[in-house]
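Read through the structure below, which is laid out as structure tokens, and then see the notes.
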Amino acid sequence: MDEAELRRLLQNIPLRGIRYRETMTSTNDEALEWLEQGAPDASLVLTNNQTKGRGRMERQWVSAPEASLTFSLIVQPKTIMKALIPFYAPLSGLVICKALEQHVGLSPQMKWPNDVLLQGKKTAGVLTEAVWNESDCKGVVIGIGLNVAPVSLSDGGDFSLPVTSVNEVAGRELDRWHLLFWILDTFFRERAEIGSETFFGEWEHHLAYRGEKVSIIPPAGIPFTGKMLGINQNGDLRVELDDGTTKEIAAGDVHLRYDSGG
Ligand code: BTN
């Protein structure tokens, strides 16, 4: 797709700027640079071929041109919404789920906090990065990588989770640019819900492994297991430990694994 076509496709999405290039190292890096230069709220950075994508926890994000969607959205939350900044990542995961449900008829789930799964396999990842000027948030870059066509590569290091793609699960070939349109359209319809009761309810409703046994692996510390109950109004994971007590875990750097009991 050339840039003129892309702009035509997205003309009804309330974007205030678009930067598109055939190849980029990382759309998040490009978006962070643009934010420094004064990008407005609702700016989009998109590439067809991302060569050095970054994932959460310093991992790489490997994506094949034509087979994936890789883009970053710049948002500038009002100062009053500072406390809601950590929820842009799960909001984006939720938006991807809703777009896939409503427009493709799939049943995605979220691996807490914000990975998107189809049939238990990772299909999309979200990396949000906030830029601060002292206590002022200059903006948040929301980077989204979605596997549209089958991928032969893993997502670059998170071997705990198998990967799949939208086309594999849908059993048909979806148009990448329509998927982009649906995700952006859903994002702009849903963004006002961030931090609301509805938002937490829908996030919880989409959680994978609810009621099942999971392992929690803190960065430094002893892994533990428990039954996943859901999330609280901070987005913390609620887990029932083996002694019957409930532990609430903030996203931070913890890893979550489904515990098959083996
Ligand atoms: C994860 O680790 O699951 C998050 C992956 C996020 C990848 C996307 S692809 C577009 C954007 N640019 C990047 O460099 N990373 C994000």
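Bear in mind that the values here come from a model prediction, so they are computed numbers and not experimental data. Counting convention: from 1, in listed order, for ligands and their atoms alike.
- Note on R191 versus D41: salt bridge recorded, some NZ/NE/NH1/NH2 to OD/OE distance being below 4.0 Å.
- Heavy-atom proximity to G143, at under 4.0 Å, picks out these atoms of ligand 1: 8 (C), 11 (C), 16 (C).
- For ligand 1, the atoms lying closer than 4.0 Å to a non-hydrogen atom of G125 are 3 (O), 4 (C), 5 (C), 6 (C).
- Atoms of ligand 1 found under 4.0 Å from any heavy atom of G145, numbered from 1 in the order shown, are 8 (C), 9 (S).
- No hydrogens or angles considered: a donor-acceptor pair under 3.5 Å links the side chains of E168 and S165.
- Among Q60, R59, R54, the residue whose heavy atom lies nearest to atom 16 (C) of ligand 1 is R54.
- Pairs of residues two or more places apart, or lying in two chains, that qualify as side-chain hydrogen bond (donor to acceptor under 3.5 Å, both in side chains) and include a residue from residues 132-145 are E36-K138.
- Listed by number with element, the atoms of ligand 1 under 4.0 angstrom from any heavy atom of K122 are 1 (C), 3 (O).
- At least one N or O atom of T27, backbone or side chain, sits closer than 3.5 Å to an N or O atom of ligand 1.
- Counting atoms of ligand 1 from 1 in the listed order, those under 4.0 Å from a heavy atom of F71 are 10 (C).
- Every N/O-N/O distance between W61 and ligand 1 stays at or above 3.5 Å.
- Looking at E212 and K227, no side-chain N of the basic residue comes within less than 4.0 Å of a carboxylate O on the acidic one, giving no salt bridge.
- Using a 4.5 Å cut-off on side-chain heavy atoms (C-beta onward), V140 and I74 make no contact.
- Atoms of ligand 1 lying under 4.0 Å from at least one heavy atom of D115, given by number and element, are 3 (O).
- Annotation for ligand 1: atoms under 4.0 Å from non-hydrogen atoms of G53 are 14 (O).
- M57 does not count as a contact of ligand 1, since none of its heavy atoms falls under 4.0 Å from the ligand.
- Residue D29 does not touch ligand 1, judged by heavy-atom distances below 4.0 Å.
- The closest side-chain heavy-atom distance from P108 to E101 is below 4.5 Å.
- Set against the non-hydrogen atoms of V126, the atoms of ligand 1 under 4.0 Å away are 4 (C).
- For the pair S26 and ligand 1, the shortest N or O to N or O distance falls below 3.5 Å.
- Looking only at side-chain heavy atoms (C-beta outward), L241 and T246 stay at 4.5 Å or farther from each other.
- Applying the ring-ring contact (aromatic ring centres under 6.0 Å, His included) definition to pairs two or more places apart or across chains, none involves residues 11-44.
- Comment: E3 does not engage R21 in a salt bridge, judged by the lack of any side-chain N to carboxylate O separation of less than 4.0 angstrom.
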